[in-house]
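Encoded as structure tokens, the structure appears first; notes follow it.
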Amino acid sequence: MLDKKQMTHLKQLEAESIHILREVAAEFSNPVMMYSVGKDSSVMLHLAMKAFAPGKPPFPMLHVDTLWKFREMIEFRDQRAKELGFDLVVHSNPKGVEMNISPFEHGSKVHTDVMKTEALKQALNAGGYDAVIGGARRDEEKSRAKERIFSFRDRHHRWDPKNQRPELWNIYNTRINKGESVRVFPISNWTELDVWQYIYLEGIPIPSLYFAKEREVVEYEGTKIMVDDERMPEALRKTAKKEMVRFRTLGCYPLTGAINSTASTLPEIIKEMLLSTSSEREGRLIDKDQEGAMEMKKIEGYF
Amino acid sequence: MSVESKIATDIESYLKEHENKDMLRFLTCGSVDDGKSTLIGRLLYDSKMIFEDQLAAAESESKKYGTTGEKIDMALLVDGLQSEREQGITIDVAYRFFATDRRKYIIADTPGHEQYTRNMVTGASTADVAIILIDARKGILTQTRRHSFIVNLLGIEHVIVAINKMDLVNFSEDTFNEIKSTYTALADELGIKHTYYIPLSALDGDNVVDKSEKTPWYDGKPLLELLDTIDIQHSTFNIQHSLRFPVQYVNRPNLDFRGFCGTIAAGSVKVGDEITILPSGKTTRVKSIINAGDITEKNREGTTEEACAPMAVTLTTEDEVDISRGDMIVHTKALPRVSNSLKVMLVWMDETPMEPGTVYDIKRATTVVNGQFERINYKVDVNTYERQTVYKLGLNDIASCKMVLTQPIAADAYKENRLTGSFIVIDRITNNTVGAGMIVGVSRREEDVQKRTTREYTDAERALNQYIRDNFPEWECKKC
């Protein structure tokens, strides 16, 4: 006889996420899944591969390439697409490319606005997607704690935090008019620890940037960043030192802080995380701009 | 050995233990004045879910908006949106997370004021346990009655009555007992199954994680230990119940495979079981079961012999029967009662009132059908529990209604099955979720008959009826 006790918290979270992914596939005509190559995206991809087995996910993966991602992320992305055989859509903002937008020259705000927020809007408009699946979690940031799993966006991709649809039980309202869309967050209820534990248990491949290694880093705006290519200003590159570091989140290399660490296996990473005293987002320069920054970015159309 | 030293010395065995954690979802009911956010902040802080940078942010914000003087305002750790922080109130439902060695917790943090009843209903819909906060100085208030009613309405069987701010009444045992006995009467009136009482001070952490020395007369557990050990019968996923499998998605990756995906809402299913598809009534047998959770990158076709709620699975059938999204698969030997006329409890969540006769889309599990609320039996005053006669429902109104659908569905009572006994109401023009409902049972035929016989028709209505019966026999119109 089967027993409910066999369903551990991770198995319950997994089942909930799969339910959400299938609901999207069943109710929307043109869904897409955001694929950022990070650990949360890896989990999402893994869940999507499970949900539709023995078939493949009936939607493509969309990567908004800011052209400043770690080189390894791009290699990893293309390799996974080949191994698993999913459809991959890559978009970069052509205007930004033309203007040669650089986080070093234009700063994090302009870079993020043009190459991330604007690029995302372009990709979504071009694809005409009615549902966009993302890997955001409610434990990441305070404004996310209040966001729905199926989060309505108007035709300008804007989120209205004060006017969200009530969301009860596991029944999701998927109704939209033409031009509107829904952002869907299947791992809303997972914590950072859940994500790591699941990666460990299921043996999900993730980029090696998460593991500690000797890497060339420089001090930049109060954080350590990695020397990933020649585009880093030479004056800065000259200050590079080799250090044992790893990354807790992955994004644009000039905007992603490295931490000193010797954790080179998953259990060691989890151990470090459990004993650490700063939250995951601290490594992201983007949130520091102002208090309530993420809430503002979401209202503007950022994830 | 402390948790930290265990993590530091033997992470692998720590992980092994934590793979087998259970999950518990609970709801906190109360207002800022009762110290709700402070209590949540305290739980997160003491279970190490608050990091130093977040604490530093709260510290700087405490100076700006804080209400606790020199101490860090725990409430600022949890109050999310900027507008709310400025106003110092919790408007929307926020979800928080923490874990102990035994359980992972999801807290639905909901506002307590009457104008946010719909938010509380939303938070309660997924909770197994409710914590009702009472200010020891004030005792049971109107809001306590309202919160208790909603908690019970949404089928939460375990209620923890947290009598907070005990520090302000000198940890008086008499005060505690007085509130306890008053609440016991209230719980009996409502029929709440399990109640637990704890004297607390969220501000100072008394009886939150550790037993307080200031309440030697209290022989129960501190809050966190109670949460860790409370025995949940998992009302949300009832595996003792008969099988309910709402078909969510038809998976046809190639010509050789046709599987029916969904989350088992109740009961369990085995290969070979004889099943009936509702509403068509066609029968077949289960040929194979794929548990999505068991699928790996290397083995994408793994099957299992048996699966139960709340697993996300894919079933294939022996025969090629027509099955689509919105159908319900049940065991042929345990068919549910099917009806299109249901007695429901409805919570109205929209500014535009609900008027009987308006057609809405009703989404129950994966089924979407047209329906209307033909009659409001009565509205309940959530503070006094009085029944009132009304002709329409406004925002936050809770009422017993007769719901009539254009297609019959399995009529599972919410009390027995939360996932197939619940539904949302969608406005067909604005697309908003305007209501949420719980099935009480099949609407009694006698009531309908009585209604029909008591109606007086005018001559014009009788003539119209005659005309329809004469000219449109295919409508099968009855004589009035």
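Here is how names work: the chains are called A, B, and so on, in the same order as the sequence lines, proteins then strands, and each is numbered from 1.
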Taking the side chain as everything from C-beta on, heavy atoms only, tell me whether [X] gets closer than 4.5 Å to [Y].
X: A:Ile206; Y: A:Phe211; result: yes
X: A:His157; Y: A:Ser181; result: yes
X: A:Arg248; Y: A:Ile269; result: no
X: B:Glu12; Y: B:Lys16; result: no
X: A:Leu13; Y: A:Tyr198; result: no
X: B:Phe97; Y: A:Glu192; result: no
X: B:Gln248; Y: B:Thr263; result: yes
X: B:Arg102; Y: B:Asp22; result: no

Looking at [options], which has the largest count of heavy-atom pairs under 4.5 Å with chain B?
options: A:Ala15, A:Pro166, A:Ser17, A:Ala51; result: A:Pro166
options: A:Arg165, A:Lys271, A:Arg22; result: A:Arg22
options: A:Ile18, A:Leu193, A:Ile171, A:Leu201; result: A:Ile171
options: A:Ile204, A:Leu266, A:Ile176, A:Asn189; result: A:Asn189
options: A:Gly55, A:Ala26, A:Pro54; result: A:Pro54
options: A:Phe152, A:Trp169, A:Phe52; result: A:Trp169

[X] portion near chain A, given a 4.5 angstrom heavy-atom threshold:
X: B:Asn251; answer: side chain
X: B:Lys21; answer: both
X: B:Ala124; answer: neither
X: B:Thr296; answer: neither
X: B:Val313; answer: backbone
X: B:Asn254; answer: neither
X: B:Phe257; answer: side chain
X: B:Arg428; answer: neither
X: B:Ile426; answer: side chain

Hey, can you tell me if A:Tyr172 and A:Phe150 have their rings parallel, tilted or perpendicular (30° and 60° cut-offs)?
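A:Tyr172 vs A:Phe150 ring planes: parallel.
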With a 6.0 Å cut-off (strictly less than), is the heavy-atom count around CD of B:Glu351, excluding the residue itself, greater than 12?
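No, CD of B:Glu351 has 12 or fewer neighbouring heavy atoms, counting only those of other groups under 6.0 Å.
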Does one side chain, of B:Thr433 or A:Asn173, offer a donor that lies under 3.5 Å from an acceptor on the other?
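Result is yes, a qualifying pair exists.
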Can A:Asp194 and A:Arg137 be counted as an ion pair, charged N to O under 4.0 angstrom?
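Salt bridge between A:Asp194 and A:Arg137, a charged N being under 4.0 Å from a carboxylate O: no.
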May I ask you to decide whether A:Glu23 forms a salt bridge with B:Arg325, counting only side-chain N to carboxylate O separations under 4.0 Å?
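So A:Glu23 pairs with B:Arg325 through a salt bridge.
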Looking at [options], which makes the most heavy-atom pairs under 4.5 Å with chain A?
options: B:Asp361, B:Thr366, B:Val434, B:Val368; value: B:Asp361
options: B:Ile106, B:Leu15, B:Asp350; value: B:Leu15
options: B:Gly302, B:Cys261, B:Gly259; value: B:Cys261
options: B:Gly262, B:Gly123, B:Pro253, B:Ala312; value: B:Ala312

What part of A:Gln197 is in contact with chain B, defined as an atom under 4.5 angstrom from a non-hydrogen atom: side chain, backbone, both or neither?
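Contact with chain B: side chain only.
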Would you mind checking which part of A:Ser188 comes under 4.5 Å of any heavy atom in chain B, side chain (CB onward), backbone (N, CA, C, O), both or neither?
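The answer is the backbone of A:Ser188.
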